[in-house]
Structures are given as C-alpha cells and as structure tokens.
Amino acid sequence: MDEILRTEGLSRHFAVGARRLTALDDVSLRLGAGRILGVVGESGSGKTTLARLVMALDRPSAGRVLIAGREVSAMPPAVLRRARTDFQMVFQDPYGSLDPRQRVARIVAEPLHLLPDPPRGAARRALLAATLAEVGLEPDALDRFPHQFSGGQRQRIAIARAIVTRPRLLVADEATSALDVTVQRRILDLLLGLRAKHGIAVLFISHDIGVVDEICDEIAVMRAGRIVETGPARDVLDAPRAPYTRALVAAAPRLDTVARRAAQAVRPSGSGRP
Ligand SMILES: Nc1ncnc2c1ncn2[C@@H]1O[C@H](COP(=O)(O)OP(=O)(O)OP(=O)(O)O)[C@@H](O)[C@H]1O
C-alpha cells in the first residue's frame with residue numbers, strides 16, 4: 001500500500017484538575033494514498049483529538065504521526081510549516097470556519113503562504129479561480145464575502161482553501177454534519193470527485209455511520225479513545241464484530257440500507273451479507 005498516513009500507538013492525556021483524562025489511547029491507523037478512511041464514534045470518543053494530532057495542531061503524549069513517511073508529530077516548526085502543504089483540514093462549521101471580514105479570494109489563498117514560492121498577481125488569481133472551479137463555484141465568488149453563500153457553498157469554499165496547495169491528505173472533521181441531507185450528499189460527491197481526480201486521501205471523521213457508509217473504503221470505530229474495530233467498510237458495516245459497532249449500526253437513524261444491516265447484525269446467526 002502506498003501509505004499517506006500512519007499513526008503508531010497514539011495517545012493523548014489531558015490534566016483535568018487533579019485527574020488525568022485519556023482522550024486517545026494507543027491508536028494505530030494506516031491510510032493509503034487516495035483512500036478514504038472513516039473514523040466513527042459517539043461524542044467524546046476522541047475523534048477531534050485524533051484529527052488535531054494528525055494535523056500536528058497538538059502533540060501526542062505518546063506515539064507518533066507519519067504523513068507520507070515523515071514524522072510530523074516531531075517536526076520543528078519551520079519544517080512543519082513547509083510540510084503542511086501536504087495535509088489540510090476541513091472543519092465542521094461552514095459558518096464559523098470562514099472569516100466573515102475577508103473576501104473569498106483571501107480566504108482560499110490563505111494556505112499559499114506555506115509554499116516556498118507562492119504565486120502572485122495574475123497567476124495567483126488564475127490558481128484561485130481554478131481551485132474554485134474544482135469545488136463547483138464560479139470565479140466571481142472570489143470577490144464576495146462568506147455571508148453571501150449558503151452553508152453548502154461555504155463548505156465548498158472551505159474545501160477550496162484546503163486543496164489550494166494540492167495536498168495529498170485531507171482531514172475532514174464532521175465536515176458535512178452541519179448540512180442538510182441533500183447538501184451533505186453533494187459535498188460527499190465533491191470529496192469523492194477530488195479523490196478520483198487528484199488521488200487525495202481523506203481521513204473522514206463523523207459521528208454519523210450512515211454518512212461514513214456512503215463515502216469510506218475503510219472504517220475505524222472509536223470508543224473512549226480506543227479503536228474497537230477497524231477494517232474494510234463493507235466488512236465492518238455488514239458484519240460488525242465488536243458489540244459497540246453493532247449497537248452503532250443498529251442505532252443509525254437515516255439510511256434504509258443501514259437499517260437492513262442493523263437487522264442482520266443483531267440476528268444471533270447474522271453474519272451474512274445482504
Ligand atoms: N483540551 C482538552 N482538555 C481537556 N479535555 C479534553 C481536551 N480536548 C478533549 N478533551 C476530552 O477528551 C475526550 C475526547 O474529546 P474529543 O473532542 O476528541 O471527542 P470527539 O469524539 O471529537 O467528540 P465530539 O464529537 O463531541 O467533538 C473528551 O472527554 C473531551 O472532553
């Protein structure tokens with residue numbers, strides 16, 4: 001496997017008063033180039049902590065993060081800054097994650113300062129317009145402000161910002177959770193399109209197993225900071241081994257297919273596939 005992301009024995013403890021809280025406990029994951037790995041689990045299971053460690057926004061208490069073979073969790077700041085062109089993040093809140101005072105051109109261009117020789121003038125404008133086209137927005141969007149766009153369009157702007165340096169890894173933390181179902185579908189299609197066209201790998205973090213089902217090749221199920229089950233999406237969803245995964249699949253609210261799987265998963269003899 002041409003590996004883009006690997007975490008090895010990743011742990012993160014926080015001091016909460018006199019107590020030590022373990023947010024992440026010995027998490028080892030691998031993500032191949034151009035693959036989509038879903039990390040699913042309920043609130044508080046450690047998903048955002050994992051995302052922040054992968055993005056090197058936080059340092060692990062133990063273990064390490066390697067992106068394209070380089071240990072980002074131990075890089076000095078100047079080296080890390082350059083490496084960041086290779087991995088970018090899309091956040092949950094399409095309203096809060098874009099600065100309302102800046103025009104879209106400025107917002108999307110923000111990561112370009114990480115490049116050793118950022119494009120300027122007409123070349124910069126052309127790159128920004130081409131990047132907007134990649135996410136399905138017209139070039140005139142560059143001169144507008146975030147409030148002039150819908151939630152789904154804002155998330156497209158956030159994705160444009162994340163791909164402007166042509167990263168090989170996107171970390172999407174609940175990136176579709178604030179959107180209604182039809183808009184959510186279109187954003188998932190956009191991520192799938194970017195993977196197909198550019199081979200971008202995605203670490204797709206969500207509490208929603210139905211959404212994960214729609215987009216992911218592999219799934220890691222998290223509970224209380226630990227991975228309880230991991231494997232190809234079809235295997236994990238069609239025949240969950242861990243009781244916790246079975247309960248998650250059974251509780252998935254939306255998709256008929258998921259409900260069908262849940263019925264199978266809870267049948268005593270139910271390891272068969274639909
Ligand atoms: N900076 C921090 N200080 C103290 N505790 C923290 C900190 N960050 C996270 N935690 C705790 O770590 C645990 C995991 O939190 P995390 O945000 O990673 O979970 P999550 O799965 O992303 O949940 P959610 O979907 O609600 O964001 C929680 O108990 C949380 O309260």
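Numbering of ligands and ligand atoms starts at 1, following listing order.
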For this session: May I ask whether atom 31 (O) of ligand 1 is less than 4.0 Å from at least one protein heavy atom?
Result: no
Exercise. Distance only, no hydrogens: is a donor on one side chain within 3.5 Å (strictly under) of an acceptor on the other, for H13 and T22?
Worked result: yes
Exercise. Does a donor on one side chain sit under 3.5 Å from an acceptor on the other, for D173 and T48?
Worked result: yes
Exercise. Contact between R52 and ligand 1, counting heavy atoms under 4.0 Å?
Worked result: no
Exercise. Can you check whether A23 has an N/O within less than 3.5 Å of an N/O in ligand 1?
Worked result: no
Problem set entry | Modelled atom types, side-chain donor and acceptor of T182 and D180, under 3.5 Å | yes
Seminar exercise, completed: of all protein heavy atoms, closest to atom 26 (O) of ligand 1 is S43 OG, 2.5 Å
For this session: Give the numbers and elements of all ligand 1 atoms closer than 4.0 Å to a heavy atom of E42.
Result: 21 (O)
Exercise. So which protein heavy atom does atom 19 (O) of ligand 1 come closest to, and at what separation?
Worked result: G46 N, 3.2 Å
Exercise. Do I200 and R168 have side chains that get closer than 4.5 Å, going by heavy atoms?
Worked result: no
Problem set entry | N/O donor-acceptor pair under 3.5 Å between T7 side chain and V27 backbone | yes
Exercise. What do we get for H207 next to ligand 1 when only non-hydrogen atoms under 4.0 Å count, side chain, backbone, both or neither?
Worked result: neither
Problem set entry | H207 side chain to E42 side chain, donor-acceptor N/O pair below 3.5 angstrom | no
Exercise. When you measure from atom 25 (O) of ligand 1 to every protein heavy atom, which one gives the shortest distance, and what is it?
Worked result: K47 NZ, 3.3 Å
Problem set entry | Test item: side-chain donor near acceptor, S28 and E8, under 3.5 Å | no
Exercise. Which protein heavy atom lies closest to atom 17 (O) of ligand 1, and at what distance to 0.1 Å?
Worked result: T48 CB, 3.7 Å
Problem set entry | G44 to ligand 1, any heavy atom closer than 4.0 Å | yes
Seminar exercise, completed: Residue, atom and distance of the protein heavy atom nearest atom 18 (O) of ligand 1 read T49 OG1, 2.6 Å
For this session: Return the residue, atom name and 0.1 Å-rounded distance of the protein heavy atom closest to atom 6 (C) of ligand 1.
Result: F14 CD1, 3.4 Å
Exercise. Do any nitrogen or oxygen atoms of E174 lie less than 3.5 angstrom from nitrogen or oxygen atoms of ligand 1?
Worked result: no
For this session: Give a yes-or-no answer on whether the side chains of Q153 and S150 include a donor-acceptor pair shorter than 3.5 Å.
Result: yes
Exercise. Are V39 and F204 close enough that some pair of their side-chain heavy atoms sits under 4.5 Å apart?
Worked result: no
Exercise. Around R166, counting heavy atoms of other residues, nucleotides and ligands shown, do more than 12 lie under 6.0 Å from its CZ?
Worked result: yes
Exercise. Which of the atoms of ligand 1 are close to S45, meaning less than 4.0 Å from one of its heavy atoms?
Worked result: 19 (O), 20 (P), 21 (O)
Seminar exercise, completed: Within the 4.0 Å heavy-atom cut-off, what L21 brings close to ligand 1 is side chain
